[in-house]
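To keep things clear, I will list the structure first and then write my remarks on it.
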Protein chains: 2
Amino acid sequence: MRLSLGDARELVIRSMRVVGHDEHDAGVIADHLMDCELRGVDYGGLARALSVVERIRKRPEGRRPISVVRETPVSVMLDGGDQAGYLVGHRATRLGIGKAEAAGFAVAGVTNTWFTGMFAHYMEMATSRGLIAMAAGSSDWRVAPSGSAEGRFGTNPVAFGFPSDGDPIIMDTALSSVMVSEATLAARLDRKLDEGKAYGPDGQPTRDPTEALAGAFTVWGGHKGSALGVMIQLFGLLAGGAVRPDPLSDCSLFLMFMRPDLLVGEAELRRNVSAYADALRQAAPIDAARPPRMPFDRSAAERRARLADGHVEVADHVVERLRTIAAGGT
Amino acid sequence: MRLSLGDARELVIRSMRVVGHDEHDAGVIADHLMDCELRGVDYGGLARALSVVERIRKRPEGRRPISVVRETPVSVMLDGGDQAGYLVGHRATRLGIGKAEAAGFAVAGVTNTWFTGMFAHYMEMATSRGLIAMAAGSSDWRVAPSGSAEGRFGTNPVAFGFPSDGDPIIMDTALSSVMVSEATLAARLDRKLDEGKAYGPDGQPTRDPTEALAGAFTVWGGHKGSALGVMIQLFGLLAGGAVRPDPLSDCSLFLMFMRPDLLVGEAELRRNVSAYADALRQAAPIDAARPPRMPFDRSAAERRARLADGHVEVADHVVERLRTIAAGGT
């Protein structure tokens, strides 16, 4: 159903308050999920609020404040305290940006968290300050490496962000051919996965999202994509993650932020990134209806359109469940 | 033909001396090309020495000493002086490692160079010192982005390296489905490229390596691989590269080095990386003859075997041409 942006955000905030978040934290989560909705990433939007509520109710006991476990002028390591990754990622990004603005560079590591969200959201926090950023997220063994049907790394999103004179250029992609949130939404809505996306726990190919969530997803990009997935898992170890992460509080997040003037001037970089982006968009298209695009072009256009419209379209089932939860139901 | 390791290295050194390199620089290039030969990357090995000689003879006038154009305690920007990338990459890596050992982190940018070589070679220089490293190389517009048959980025190798208790874990892959050196060797040996790897200058698919070198290669990994190729090109802009690089002195190189103890202890990281690598290698194989491998496993095994054998196998044509060059011929 169609919801105004204000109503959609308020629904998330009320649901997050019910499971023990204060007004500030509920707002941080709502901003993140609304950014997903605005960009058309429906499985990461309001539907995800349901998963947050379910996750907290499944293991309510472990939650403690986010804490700094190691810190230098150019790095910070956070224990996520079993809090939602939206909160921990946001905290790590703010700390990392502050350090990079002062020292030119910073890394942040985060572990003991879950649902780290859409990394483009953190990247944009950095590019809006003129920084270059990278994020690598690892999680429990849900994706099969090339040559096996057994999971050995997480869906492992990797993201890079660069500022330009206009919209930032942000790549944000998981290494798996399916996202957990996408499979969870498919299971919730009784949809099948596409062919070739997953193995069941028996090691056989499956299209059933529930089987896939108990087995392993495939990787995109064959053995090269698999190698990249492995390296992202190693960044998770660098961020303090376990060799075999806990499936419930499974996420590690590595973040890097850098001032361009370590190497070239910020104005020069922005100008060159914009000029390059224009040159790529002007490459002769193979299909005139689908010209080459820069990473983030689609997201930026979708978000502008929904912001202008003032509304988002959310599955009825999701809205009804959230209304029940916000009203104190289960 | 079969050459002893000493004879192969000597042949490269003599060829490099002929085109104006001193003994030290000729040794740096020879070590790099020999590392390629030892690891079975034949198109990057002795065959590449021929391309170095050709490139220098094609534009002999521009060469000047490598110079530092910007420097901070955590960064260095080099003008490659139109020198071979093997030399510039080696210099940037040594400087970056020194800075990272002192400050915890460093980046290096390099431009005005060509033939930046096999990035795993630079990664291993860093992992052997216990550092984590990343490299991103961009070059002239040889690879078509998703949706176009016109080149808009380089073959754009990207590499990551992590130390372990045993062999390092190093991923090093180009984003194009063919390397320039691979296509150049195919043209030299009159071989065809595989289907789907390239477009000719007319925008039509081609298997002819010469046509491909005048047109554009395809990318691996579809639109996700294309997005990664774009981001690597942006790292090239950060490293001082031009929006549209010169096809002859076309390469930019971004390098990053980091001490693990910014986030976790080095011993802990090495131990966890090794434990993870073992767990991945033990994942149940789909085909028992091809078990899952870690990135660098194949390279390390090939290198060990050739080092034990004491010889490499190099195409006759390549050896004969190099002997002519080393003897002062053309």
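Here is the naming used below: chain letters follow the sequence lines, and residue numbers restart at 1 for every chain.
Between chain B and the residues F160(A), W220(A), W141(A), the most heavy-atom pairs under 4.5 angstrom are made by W220(A). Chain A forms more heavy-atom pairs under 4.5 Å with one residue of G221(B), A227(B), A283(B) than with any other, namely A283(B). Note: A284(A) leads G109(A), G222(A), P295(A), A284(A) in heavy-atom pairs under 4.5 Å with chain B. Interface remark: of the candidates L263(A), I169(A), I286(A), V69(A), L263(A) forms the most heavy-atom pairs closer than 4.5 Å to chain B. The candidate from M258(A), R290(A), M294(A) with the greatest count of non-hydrogen atom pairs under 4.5 Å with chain B is M258(A). Your options are M256(B), E268(B), M77(B), M231(B), and the one with the most heavy-atom pairs under 4.5 Å with chain A is M231(B).
For I132(A), the part sitting under 4.5 Å from any heavy atom of chain B is the side chain, from C-beta outward, and nothing else. For D261(A), the parts sitting under 4.5 Å from any heavy atom of chain B are the backbone and the side chain alike. Interface residue L238(A): backbone and side-chain heavy atoms are both found under 4.5 Å from chain B. Heavy atoms of V158(A) lying under 4.5 Å from chain B are absent altogether. Within the 4.5 angstrom heavy-atom criterion, no atom of A242(A) approaches chain B. If you measure heavy-atom distances from P145(A) to chain B, the contacts under 4.5 Å come from the side chain alone. Of the two parts of Q233(A), only the side chain, counted from C-beta on, holds a non-hydrogen atom closer than 4.5 Å to a non-hydrogen atom of chain B. Looking at T173(A), the atoms closer than 4.5 Å to chain B (heavy atoms on both sides) all sit in the side chain, from C-beta outward.
A perpendicular orientation is assigned to the rings of F162(A) and F235(B), their planes being inclined by more than 60° (bins at 30° and 60°).
Considering all non-hydrogen atoms of both residues, N272(A) and G241(B) come closest at ND2-O, 4.3 Å. The two residues K224(A) and A174(B) come nearest to each other via the heavy atoms NZ-O, 3.7 Å.
H223(B) contributes atom NE2, which lies 8.5 Å from atom CZ of R293(A) (distance to the nearest 0.5 angstrom).
Side-chain atoms of L228(A) and M171(B), non-hydrogen and from C-beta on, do get closer than 4.5 Å to each other.
The aromatic ring centres of Y276(A) and F153(B) sit 6.0 Å or more apart.
Under a 3.5 Å cut-off, the side chain of R152(A) and the backbone N or O of A279(B) do form a donor-acceptor pair. A donor-acceptor pair is defined here as one N or O able to donate and one able to accept, closer than 3.5 Å; no such pair exists between the side chain of T72(B) and the backbone of L262(A). Between the side chain of S148(A) and the backbone N or O of P292(B), no donor-acceptor pair lies under 3.5 Å.
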